[in-house]
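Working notes, beginning with the structure itself.
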Amino acid sequence: MRVKILNTGDLVYLPSHFILTKVNDDGSISEYCELKEPYIALLLRRYQTHSDLFYRGSIWTAPNDMLRSYAVKGKEDVSHTN
């Protein structure tokens, strides 16, 4: 099994009850959102510990170790990444 490294432009799977945050310039959390249903989001920027995602019209942050690649059924690189 191959592990796919997530990159800018990839789709990521967010399960229900996943928590996204919005972060201030000083790193403090200004807002959070707990998903009520699964969602496929677009990865905009990947940093060392977290990534910026496009979710329902705005930019949210999520930790990289919680993100899972979204793969179309039948693709050979269906796996998760840190």
Side-chain angles (χ1 to χ4, degrees):
M1 174 169 49
R2 259 177 38 191
V3 174
K4 182 180 186 313
I5 302 300
L6 293 173
N7 294 302
T8 299
D10 285 347
L11 297 175
V12 293
Y13 173 75
L14 305 175
S16 57
H17 304 291
F18 193 92
I19 295 177
L20 297 170
T21 59
K22 287 192 177 186
V23 181
N24 294 318
D25 291 337
D26 66 1
S28 62
I29 294 174
S30 63
E31 192 175 345
Y32 75 94
C33 170
E34 182 177 353
L35 278 59
K36 294 182 181 182
E37 58 188 34
Y39 194 84
I40 306 302
L42 177 66
L43 192 146
L44 297 176
R45 283 180 287 289
R46 184 175 166 92
Y47 301 99
Q48 187 171 354
T49 59
H50 66 281
S51 291
D52 288 340
L53 307 175
F54 187 74
Y55 171 75
R56 297 196 180 216
S58 61
I59 298 172
W60 293 83
T61 300
N64 288 336
D65 62 350
M66 299 296 290
L67 295 178
R68 302 295 177 250
S69 176
Y70 175 77
V72 178
K73 188 174 182 178
K75 289 281 187 178
E76 64 184 51
D77 56 356
V78 177
S79 185
H80 71 277
T81 184
N82 293 349

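Hydrogens, waters and symmetry mates play no part in the numbers below; they use all other heavy atoms, side chains included.
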Determine, using the 4.5 Å side-chain heavy-atom cutoff (strictly less than), whether Val23 and Leu14 are members of one ILVMFWY cluster. no
Are Leu11 and Leu42 packed together at the side-chain level, in the sense that at least one heavy-atom pair is separated by less than 4.5 angstrom? yes
Rounded distance [0.5 Å steps], CD1 in Ile59 versus CG in Leu20: 12.5 Å
Looking only at heavy atoms, the pair that brings Leu67 and Leu6 closest together is CB-CD1, 3.8 Å
Would you say Tyr47 ends up clustered with Leu53 if hydrophobic residues are merged whenever their side chains have heavy atoms under 4.5 Å apart, either directly or through other cluster members? no
Could you grab the distance from atom OG1 of Thr61 to atom CD1 of Ile19, nearest 0.5 Å is fine? 13.5 Å
I need the Met66 CE to Phe18 CZ distance, nearest 0.5 Å. 5.5 Å
Could you go through Val12 and Ser69, starting from their C-alpha distance and side-chain angles, then the distance that decides it, and tell me whether this counts as side-chain contact (heavy atoms from CB on, under 4.5 Å)? CA-CA 5 Å; Val12 293; Ser69 176; 5.9 Å; no
Kindly indicate, with the supporting measurements, whether the criterion side-chain contact (heavy atoms from CB on, under 4.5 Å) is fulfilled by Tyr55 and Leu35. CA-CA 10 Å; Tyr55 171 75; Leu35 278 59; 3.9 Å; yes
Is it the case that the side chains of Arg68 and Tyr70 hold a donor-acceptor pair, with the cut-off being a distance below 3.5 Å and no angle test? no
Compare every heavy atom of Asn7 with every heavy atom of Ile5, then report the nearest pair and how far apart it is. O-ND2, 3.3 Å
For Tyr13 and Pro38 the tightest heavy-atom approach is OH-CB, 3.6 Å
Between the side chain of Asp26 and the main-chain N/O of Ser28, is any donor-acceptor distance below 3.5 Å? yes
Which distance, rounded to the nearest 0.5 Å, do you find between the OG of Ser16 and the OH of Tyr39? 15.0 Å
Spacing of Asp10 atom CG and Ile40 atom CD1 [to the nearest 0.5 Å]: 12.0 Å
Please report the interatomic distance OH(Tyr32) to NZ(Lys22), rounded to the nearest 0.5 Å. 14.5 Å
Starting from the C-alpha separation in whole Å, work towards a yes-or-no answer on side-chain contact (heavy atoms from CB on, under 4.5 Å) for Asn64 and Arg46. CA-CA 8 Å; Asn64 288 336; Arg46 184 175 166 92; 3.7 Å; yes
